[in-house]
Enquirer: 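Dropping the structure in here first, questions after.
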Amino acid sequence: MLSGSSSIPYRCSKNANEIKRLDFQHFILRTALGGNYLAPIGVTQQPHMILDVGSGTNFWGCEIARDFPETKIYGLDIELVTRADMPANYRLIQGDIRQDLPFAPGTFDYIHQRFLISSLTAQEWPIVISRLLHIAIPGGWIELVDASGEQLTSMGPMTAQLMENMAQLATMNRSELLPASAIDELLQAAGAINVHKKVVKLPVGKWGGRIGSLMATNLTAVLQSFKEVCMAYFHYSSDYFDGCLSSAMQEWDEYHLQYPIYICFGQKL
């Protein structure tokens, strides 16, 4: 959801404000989905091992650890953020999903990955999914949650311009990024079975009620964090950028902007 990423050339660093925003973003998605996951884990038996790839502020992992107190939960990220309330069954591991993982084949009952679309090139995605399947147990589930800023629906012209700017910055010195809508196809191509895809279109703006207002706050914070970069690389003046952002925010209610989130999950054969 335009989340801060560890490999975007100009990412949102995980300072106190960004950590608060990412926790806020987690709350938005959990509310919209009515829970923390869609894959049918814990239905017939409790999972023994769960991995959260790109664990971020570890809000998701800590909540899952409380939901499954007998399960070992691992949070994997390049940059580790500790929380004061981390459960005893939750452990952080520093690592990069693009590199070899410190886990044996067939380790995890369930693997969760969220908002890494800007951290991985289209060429890296098949490799990453193969790695995830490799460390899942037979019958284990993999759930991938992501969004592509350029796939927003009902964008006004100024919103479209800013999203295009963000896409250009994200791909600077990198190869093409994968559209989030294609993740389920990669799961199937990698050999996953029982693949499902759900698209949740989150409203952005006051027109969308509480969720819409929360999304507007989140999107505004992300766009604002790119101000200095836009000034440097697109030669925007401070006043011009502020005007663009103000116009875009007005468009969200006028055009009824929607932010699609793609939740794809499948099972290892």
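Because the structure is predicted, anything quoted here is derived from the model rather than measured.
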Enquirer: Quick one: does any side-chain atom of Lys268 pair with a main-chain N or O of Ala136 as donor and acceptor, under 3.5 Å?
Expert: yes

Enquirer: Identify the two heavy atoms, one from Ile261 and one from Ala147, that lie closest to each other, and give their separation to 0.1 Å.
Expert: CD1-CB, 3.7 Å

Enquirer: Write down the atom of Glu251, the atom of Met158, and the distance for their closest heavy-atom approach.
Expert: OE2-N, 2.9 Å

Enquirer: Students often mix this up, so state it plainly: with edges at 30° and 60°, are the rings of Tyr236 and Phe234 parallel, tilted or perpendicular?
Expert: tilted

Enquirer: Enumerate the residue pairs fulfilling ring-ring contact (aromatic ring centres under 6.0 Å, His included) with a member in residues 180-224, sequence neighbours excluded, ordered by first and then second residue.
Expert: His196-Phe265, Trp207-His256

Enquirer: Any side-chain to backbone donor/acceptor pair from Ser225 onto Val222? Under 3.5 Å, distance only.
Expert: yes

Enquirer: Would you compute the distance between atom CZ of Arg66 and atom CE of Met86 and round it to the nearest 0.5 angstrom?
Expert: 10.0 Å

Enquirer: Should Leu162 and Tyr255 be counted in the same cluster of Ile, Leu, Val, Met, Phe, Trp and Tyr side chains packed under 4.5 Å apart?
Expert: no

Enquirer: Looking at CG of Asp77 and CD1 of Ile97, how far apart are the two atoms once the value is rounded to the nearest 0.5 Å?
Expert: 10.5 Å

Enquirer: Main chain of Leu144, side chain of Gln113: is a donor-acceptor contact present, judged purely on distance under 3.5 Å?
Expert: no

Enquirer: If only atom types and distance count, is the side chain of Asn194 paired as donor or acceptor with the main-chain N or O of Gln267 below 3.5 Å?
Expert: no

Enquirer: Can you give me every donor-acceptor pair (side chain of residues 26-35, partner residue at least two apart or in another chain, under 3.5 Å) with its distance?
Expert:
{"from": "His26", "atom 1": "ND1", "to": "Arg114", "atom 2": "NH1", "distance (Å)": "3.2"}
{"from": "His26", "atom 1": "NE2", "to": "Glu63", "atom 2": "OE1", "distance (Å)": "3.0"}
{"from": "Arg30", "atom 1": "NH1", "to": "Glu63", "atom 2": "OE1", "distance (Å)": "3.1"}
{"from": "Arg30", "atom 1": "NH1", "to": "Glu63", "atom 2": "OE2", "distance (Å)": "2.4"}
{"from": "Thr31", "atom 1": "OG1", "to": "Phe27", "atom 2": "O", "distance (Å)": "2.8"}

Enquirer: Transitive ILVMFWY cluster of Ile127 at side-chain heavy atoms under 4.5 Å: who else is in it?
Expert: none

Enquirer: Examine distances only and state if a side-chain atom of Asp146 and a backbone atom of Leu116 form a donor-acceptor pair shorter than 3.5 Å.
Expert: yes

Enquirer: How close do Glu143 and Ala39 get, heavy atom to heavy atom, and via which atoms?
Expert: OE1-N, 2.9 Å

Enquirer: Which atom pair, heavy atoms only, marks the closest approach of Val145 to His112?
Expert: CG2-NE2, 4.3 Å

Enquirer: Hey, could you give me the CE/CD1 distance between Met49 and Ile111, rounded to the nearest 0.5 Å?
Expert: 10.5 Å

Enquirer: Without swapping roles, check the side chain of Arg131 against the backbone of Arg98 for a donor-acceptor pair under 3.5 Å.
Expert: yes

Enquirer: Say whether, by atom type as modelled, one donor and one acceptor occur between the side chain of Asp253 and the main chain of Lys206 under 3.5 angstrom.
Expert: yes

Enquirer: Main chain of Glu70, side chain of Asn89: is a donor-acceptor contact present, judged purely on distance under 3.5 Å?
Expert: no

Enquirer: For the NZ atom on Lys201, are there more than 12 heavy atoms of other groups (residues, nucleotides or ligands in this structure) within a distance under 6.0 Å?
Expert: no

Enquirer: Hydrophobic clusters here meaning ILVMFWY residues chained together by side-chain heavy-atom distances under 4.5 Å, can you tell me if Ile137 and Val53 are in one?
Expert: no

Enquirer: Should we say atom CD of Glu228 is surrounded by more than 12 heavy atoms from elsewhere, each under 6.0 Å from it?
Expert: no

Enquirer: Quick check for you: to the nearest 0.5 Å, what is the distance between Thr159 atom OG1 and Gln250 atom CD?
Expert: 10.5 Å

Enquirer: Any donor and acceptor pair, going by atom type alone, linking the side chain of Asn58 with main-chain N or O of Val81 inside 3.5 Å?
Expert: yes

Enquirer: Any idea which heavy atoms bring Lys227 and Ser238 closest together, and the distance?
Expert: NZ-OG, 2.8 Å

Enquirer: Work out which heavy atom in Ala216 is nearest to a heavy atom in Gly205; give both atom names and the distance.
Expert: CB-N, 3.8 Å

Enquirer: Tell me whether Ile64 shares a hydrophobic cluster with Ile263, the cluster being built from Ile, Leu, Val, Met, Phe, Trp, Tyr side chains joined at under 4.5 Å.
Expert: yes

Enquirer: So how far is it from Lys197 NZ to Leu38 CG, rounded to the nearest 0.5 Å?
Expert: 14.0 Å

